[in-house]
2 protein chains.
Amino acid sequence: MTSSLHHRAIENLGTRIISGELPAGHVMLAEQLEVELKVSRSVIREAVRVLQSLGLVETTKRVGIRVLPAGRWNPFDAQVIRWRLASDARGAQLRSLAELRSAVEPAAAELAAANAPAPLRLELVQVARAMRDAGHNGDVPRFLELDIAFHSLLLSGSGNEMFANLMGQVAETLTGRTVHGLMPDHPHEAALQWHVDVAEAIARGDGAAAREGSERIMRRTMTRMADTWTEQPRVFIPVNR
Amino acid sequence: MTSSLHHRAIENLGTRIISGELPAGHVMLAEQLEVELKVSRSVIREAVRVLQSLGLVETTKRVGIRVLPAGRWNPFDAQVIRWRLASDARGAQLRSLAELRSAVEPAAAELAAANAPAPLRLELVQVARAMRDAGHNGDVPRFLELDIAFHSLLLSGSGNEMFANLMGQVAETLTGRTVHGLMPDHPHEAALQWHVDVAEAIARGDGAAAREGSERIMRRTMTRMADTWTEQPRVFIPVNR
DNA sequence: AGTTTTAGATGTCTGCACACATCGGTGTCA
DNA sequence: TGACACCGATGTGTGCAGACATCTAAAACT
């Protein structure tokens, strides 16, 4: 199912557009794509429709299928993110995601302290403690697993479905290695305790403490990650397009 | 083109799914949809493919087209957001967007102070001042227009394409009224100056001041908007799905 | 320069063959 | 006799091929 012709056509075109192989303004013809990908018209059409909804192409009668500039791509779509991570813009995409996460998590922590259901608070504390233990014991694989679980739980606990999906949509589609382009891949002593502090603040409903603790973690994470995003040029998208 | 059969089919099904008329688990048959919407198979198939990429449905052989639960919907897609705003969950969607915006804008302001290109900084200051003037003169339409322009510019100035699209993808697709479910629709004295302060902080590269000013605006905005989101239940999406 | 015509592309419809998940009947075994 | 494993029938999405409709950019013509 994952390797349906339809899916493969989307993957093929999406990758090539985002990598820059098919630059903005490039025009393709459905008929030509049929030959190139060796699939029928319906497959091409369905793939193009999906790419259209992602903002990667537009179709115009009498012209063809035109590739759109990067500013039109839906930057929140999991597929688009995955394609960008596989392209030269990998560093820029990681930075964008990290900045977003760093902005959102403290807010999510504060909301979770106010709104999260009791069982989730409990689980959060348990995961944070288990994570601290795994870190102390040098059990890196378990630490990584718990780290993701912790941040996913926190975002879910906010009760904001957009926050919840930040880790959700992305983390699940992505490989473990890519996810850890967003978070340190080996434990940091103080940060282990900070996670527990955040979890406990959420558990007792202390929003301010939860936010501050999360901000501390995010600041630390950002500084540790910053050098991995090899100096990537920032893209400034014009307001009107 | 906007009212192509394909587009209308997407609109019809998307609206009905998100409104809850077609609940999660509900199974439809392509053939049945052809009859119901009075369109051909190709139209249905292309529409279903798009809805699939938005996480609204999944297709299974021998079963049909199954509606997925809300937790699987892509909450960042502009269409999904629009459909939710037109549904009973309007309040919850506005709250989610406002929380996201409130988390992101201060971060964007700080990044803009560090990275925004010079012309954008200049424009930001000009817009902020024009906005203050319009507010003082009681020119509400112009104030609204400039308000959107200001926040769009600020987000663009961050150089983070995800931030830039928060206003972009959403605001442009949406009606003016909906956008102002996210920001006050008449000027507040002090806030007018705060906008200028933020713009000037960004212009002189003072990240800390820009962030603080933006946080002040966001706190004010949130408290003024909060009562418009009539007590909506929060949705807690399970981590694994 | 403005208008009309035309060619060429997508949009829509239809009939067919195939793959494959599910269901239900059949046979085997305890 | 009853429970269970097997296997074929069935129905559905997937993919294909070809036709006609419709729109529009670009050419041709005033």
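- B:Val50 places a side-chain heavy atom less than 4.5 Å from the side chain of B:His6.
- Between B:Ile44 atom CD1 and C:dC13 atom P there is a gap of 9 Å when expressed in whole angstrom units.
- In this model, the phosphate group of D:dG15 is not approached by any side-chain N or O of A:Ser40 to a distance below 4.0 Å at OP1 or OP2.
- Rounded to an integer number of Å, the gap from CD of A:Gln52 to P of C:dT10 is 12 Å.
- With contacts defined as side-chain heavy-atom distances shorter than 4.5 Å, the pair B:Glu36/B:Ile44 does not qualify.
- Atom P of nucleotide C:dG8 and atom CD1 of A:Ile65 are separated by 18 Å, given to the nearest angstrom.
- One interatomic measurement links the two molecules: CD of A:Glu31 to P of C:dA9, which rounds to 8 Å at whole-angstrom precision.
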Inset, instruction - Test A:Arg16 against A:Asn12 for side chain to side chain donor-acceptor pair (under 3.5 Å), laying out the working first. - result: CA-CA 6 Å; A:Arg16 286 161 66 193; A:Asn12 181 312; 2.9 Å; yes

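- Applying the 4.0 Å criterion to OP1 and OP2 of D:dG13, one finds that B:Thr60 has every side-chain N and O outside that range.
- Taking atom CZ of residue B:Arg66 and atom P of nucleotide C:dA21, one finds them 13 Å apart after rounding to whole Å.
- Donor-acceptor pairing under 3.5 Å, judged by distance alone, is absent between the side chain of B:Arg41 and the base of D:dG15.
- Nucleic acid contact class of A:Val39 (heavy atoms, under 4.0 Å, all strands): sugar-phosphate only.
- Rounded to whole Å, the distance from CD on B:Glu46 to C1' on D:dG15 is 13 Å.
- Remark: the A:Arg129 side chain and the A:Gln126 side chain contain no N/O donor-acceptor pair separated by less than 3.5 Å.
- In this entry the distance linking CG of B:Leu5 with P of D:dT22 reads 11 Å, nearest Å.
- Comparing A:Arg62 and A:Arg49 against DNA chain C, the residue whose closest nucleotide sits nearer the 5' end is A:Arg62.
- Between A:Arg49 and B:His7, every side-chain heavy-atom pair lies at or beyond the 4.5 Å cut-off.
- The side chain of A:Ser4 has D:dG15 as its nearest neighbour among D:dG15, D:dG13, C:dG11.
- Listed nucleotides D:dT12, D:dA25, C:dT10 differ in distance to B:Leu29; the shortest reach to its side chain belongs to D:dT12.
- In this structure, the NZ atom of A:Lys61 is 13 Å from the P atom of D:dA21, given to the nearest Å.
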